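The structure appears below as structure tokens.
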Amino acid sequence: MLKILLTAASGAVLLSACATMQGADTDLAQPEAAPAEWAAVDAATPPTGDWVGAFNDAILTSLISEAVANNYDIAAAAARVEQARALSVQTNAQRLPTLDADVGATGTSAENAATGRRNESTSYSAGLSASWEADVWGRLSDQARAAATDVEASEADLEAARLSIAGAVAQRWFELIEARLQTDLSRRDVENRERSLRFIERRYSRGVSTSLDVRLARSALASSRAQLYSQIQFEDSAARAVEVLLGRYPGAELEAVASLPDLHALQGAGAPGELLVRRPDLRAAEARLTSAGLRASQARKALLPRLTLNGTADLGGPDIEDLLDVDTLVARLIGNVAQPIFRGGSLRAEATRQEAVARERLASYANAALFAWQEAENALEAEILLADREAALEEAAEEAARAEELAERQYNNGLRTIFDLLDAQARRITSESQYLTASRQRVSNRVQLYMAIGGDFNVPANEQDEARQSEEQSS
């Protein structure tokens, strides 16, 4: 058992949900209260502005705009919002009276045995029937409120899907940029080793280098070419990953820019308690928790008597004018009070089930909050450590480049062996490759941080997205 949940905001949510669960076991495991500041870094100032625009990459902004409009996961989430809204309308309609009408005509024909003529007659009928259940205990209100809360959850899910896809596009885009830079690095490595091999072969032809030097240089060149082919494949795969998120055919036609973005100083990550209202996935979990509490209340109230009012009005006669004859109206108003007596325990079992669902939702909400804090703390700590790692690898790459130049000069002067030269070349390419990866990881972690704190983003909407947003607002 842990402490009472989170912050005042989350406490209000739980109180409203648990208020509908009177009599249920609500002594549930809940996460620790949110601290005032992050453990990883002092970042109490809430972030402001558009995190996509903070990268100052017009292509990235355009790609995210395209993904928000065309991604199929977002389209599916939008369709689920429409389903939830329609279901909410259906559920709310159960609180209103129902009215049905029917009109009919019946004809009979029989032959008169005495006269040989056929006697024909026609009768007309019309009727109205109405029914309404009085919401004495608030059962139908709980049901309608639960459905409305489900709409809120699905809308938060849609917002979460948009944020998730935007983050995924940014991550895959930066991976594509790194893949291009790694490919360029591999090409330069191949060119460098080809130049070294030509030099060594000339030395061999003059009897200065040995055949071992030539073969080792050729082997190193072949390995570099193999690495280049692998990098080209990875770059194409990275391009396809972005294209799928955009709703495009994965043809590896998307080209990356030539450099990763420069990161601005982190302005802040808000306070831990703010995640509960900033992150759409947590807001969706909140809504589902409230909805579960309402459904538990609804299930318990199903054990109570129901008051139903039924009304009928019937008109009819041999002439069609009889349908308009009020004097022939027979009206009946019936009030029924029904009390469930024996259902084999199904109603009480349903109440028990719904209360268990509510406890499950509470535990899921608490767990989601803990994981959200974990993600934010990890990203905040990595923000500092990755910057230090990038700086260290940049220094390592610079020193490895100087060492390679020195080893090449000393080899040419006969002061170093081919092994020293090949080792220096390998160290330089490895250090530069690691530096590129560290730079991309730092940028990717910044995206992960924005995802963890539920960062805002604004991208230009195309015509399809504008039409969909207009339809959502009008509904």
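Please read these numbers as outputs of a predicted model, since none were measured by experiment. Residues: numbered from 1 along the sequence shown.
Checking side-chain atoms of Glu243 against main-chain N and O of Ala252 turns up a donor-acceptor pair under 3.5 Å. For the pair Ser431 (side chain) and Ala397 (backbone), a donor-acceptor distance under 3.5 Å is absent. Not one N or O on the side chain of Gln354 forms a donor-acceptor pair closer than 3.5 Å with the backbone of Ser297. Between the Ser291 side chain and the Ala287 main chain, no donor and acceptor come within less than 3.5 Å of each other. Not a single donor-acceptor pair under 3.5 Å links the side chain of Ser237 to the backbone N or O of Gln233. Side chain of Trp137 to backbone of Leu304: no donor-acceptor contact under 3.5 angstrom is found. No donor-acceptor pair closer than 3.5 Å links the side chain of Asp142 to the backbone N or O of Arg295. Formation of a donor-acceptor pair under 3.5 Å by the Ser196 side chain with backbone atoms of Asn192 is found in this model. The main-chain N or O of Asp50 is never found under 3.5 Å from a side-chain atom of Asn458 such that the two would form a donor-acceptor pair. When atom types are taken as modelled, the side chain of Arg428 and the backbone of Ala401 share no donor-acceptor pair closer than 3.5 angstrom.
Side chains of Leu276 and Tyr365 form a contact here, defined as non-hydrogen atoms less than 4.5 Å apart. Contact annotation: the side chain of Arg446 approaches that of Phe55 to within less than 4.5 Å [non-hydrogen atoms, C-beta and beyond]. Asp420 places a side-chain heavy atom less than 4.5 Å from the side chain of Thr417. Between Tyr204 and Thr210 the shortest side-chain heavy-atom distance does not fall below 4.5 Å. For the pair Phe457 and Val68, the minimum side-chain heavy-atom distance is below 4.5 Å. Annotation: side chain of Leu246 is not in contact with side chain of Asn71 (no heavy-atom distance under 4.5 Å). At a threshold of 4.5 Å between non-hydrogen side-chain atoms, the residues Leu436 and Leu185 count as touching. No side-chain heavy atom of Leu406 sits under 4.5 Å from any side-chain heavy atom of Tyr411.
Closest approach of Ala403 to Ala424, counting heavy atoms only: O-CB, 4.2 Å. Of all heavy-atom pairs between Ala358 and Leu289, the closest is O-CD1, 3.9 Å. The minimum heavy-atom distance between Tyr72 and Gly247, with the atom names listed, is CE1-CA, 4.3 Å. Minimum interatomic distance between Ile418 and Ile200 (heavy atoms only, all atoms of both residues): CD1-CD1, 3.5 Å. The two residues Leu282 and Ala372 make their nearest non-hydrogen contact at CD1-CB, 4.0 Å. The nearest pair of heavy atoms linking Asp189 to Ser224 is OD2-OG, 2.6 Å.
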Enumerate donor-acceptor pairs with a distance under 3.5 Å from any side-chain N or O in residues 257-265 to protein atoms, sequence neighbours excluded.
| from | atom 1 | to | atom 2 | distance (Å) |
| --- | --- | --- | --- | --- |
| His264 | NE2 | Tyr450 | OH | 3.4 |

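With sequence neighbours left out, the salt bridge (Lys or Arg N to Asp or Glu O under 4.0 Å) criterion links Arg203 to no other residue.
A salt bridge links Glu399 with Arg402: at least one charged nitrogen is closer than 4.0 Å to a carboxylate oxygen. A salt bridge between Arg427 and Glu404 is absent, with no side-chain N of the basic residue lying under 4.0 Å from a carboxylate O of the acidic one. Between Glu194 and Arg218, no side-chain nitrogen of the basic residue sits less than 4.0 Å from a carboxylate oxygen of the acidic one, so the salt-bridge criterion is not met. A salt bridge between Arg162 and Asp157 is absent, with no side-chain N of the basic residue lying under 4.0 Å from a carboxylate O of the acidic one. A salt bridge is defined here as a Lys NZ or Arg NE, NH1 or NH2 lying under 4.0 Å from an Asp or Glu carboxylate O, and Glu432 with Arg188 meets this definition. Residues Arg139 and Glu133 are paired through a salt bridge, judged by an N-O separation under 4.0 Å between the basic side chain and the carboxylate. Ion pairing between a basic and an acidic side chain is recognised when a charged N comes within 4.0 Å of a carboxylate O; Glu159 and Arg283 show such pairing.
For the residue pair Thr91 / Gln143, no side-chain donor-acceptor distance below 3.5 Å is found, with atom types taken as modelled. Side-chain polar atoms of Arg442 and Asn445 form no donor-acceptor pair below 3.5 angstrom. If you check the side chains of Gln227 and Gln231, you find a donor sitting under 3.5 Å from an acceptor.
Note that CZ of Arg240 is 5.0 Å distant from CG of Asp236, once rounded to the nearest 0.5 Å. Taking OG of Ser346 as the start and CZ of Arg353 as the end, the distance is 12.0 Å to the nearest 0.5 Å. To the nearest 0.5 Å, atom CD of residue Gln434 and atom CG of residue Leu393 are 6.0 Å apart. Leu140 CG to Asn92 CG: the interatomic distance, rounded to the nearest 0.5 Å, is 9.5 Å. Remark: Leu221 CG to Gln425 CD distance equals 10.5 Å, nearest 0.5 Å. Taken to the nearest 0.5 Å, the OG1 atom of Thr352 stands 11.0 Å off from the CG atom of Leu347.
Heavy-atom neighbours of Glu398 CD from other residues, nucleotides or ligands within 6.0 Å: above the threshold of 12. Other residues, nucleotides and ligands place no more than 12 heavy atoms under 6.0 Å from the CZ atom of Phe234. Within 6.0 Å of the CG atom in Asn56, the count of heavy atoms belonging to other residues, nucleotides or ligands does not exceed 12.
Among residue pairs with one or both ends in residues 168-181, those qualifying as side-chain hydrogen bond (donor to acceptor under 3.5 Å, both in side chains) are Asp57-Trp173, Gln171-Ser444, Arg172-Glu175, Glu178-Gln182, Glu178-Thr437, Glu178-Arg440; sequence neighbours excluded.
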Exercise. Hey, mind stepping through Arg248 and Glu253 against salt bridge (Lys or Arg N to Asp or Glu O under 4.0 Å) and telling me if it holds?
Worked result: CA-CA 10 Å; Arg248 299 185 190 177; Glu253 297 177 352; over 6 Å; no

For this session: Take Leu87 and Asp150 through the test side-chain contact (heavy atoms from CB on, under 4.5 Å) and record every step on the way to the result.
Result: CA-CA 9 Å; Leu87 185 59; Asp150 287 340; 5.7 Å; no

Exercise. Run the side-chain contact (heavy atoms from CB on, under 4.5 Å) check on Asp213 and Phe419 step by step: do they pass?
Worked result: CA-CA 8 Å; Asp213 292 356; Phe419 296 103; over 6 Å; no

Exercise. Stepwise, does the side-chain contact (heavy atoms from CB on, under 4.5 Å) test hold for Arg361 with Val357?
Worked result: CA-CA 6 Å; Arg361 294 288 169 80; Val357 169; 4.2 Å; yes

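Evaluated for a salt bridge (Lys or Arg N to Asp or Glu O under 4.0 Å) with Arg279, the options Glu375, Glu274, Glu286 yield exactly one hit, Glu375. Here the rule is salt bridge (Lys or Arg N to Asp or Glu O under 4.0 Å) with Glu408, and of Arg195, Arg193, Arg416 only Arg195 fits it.
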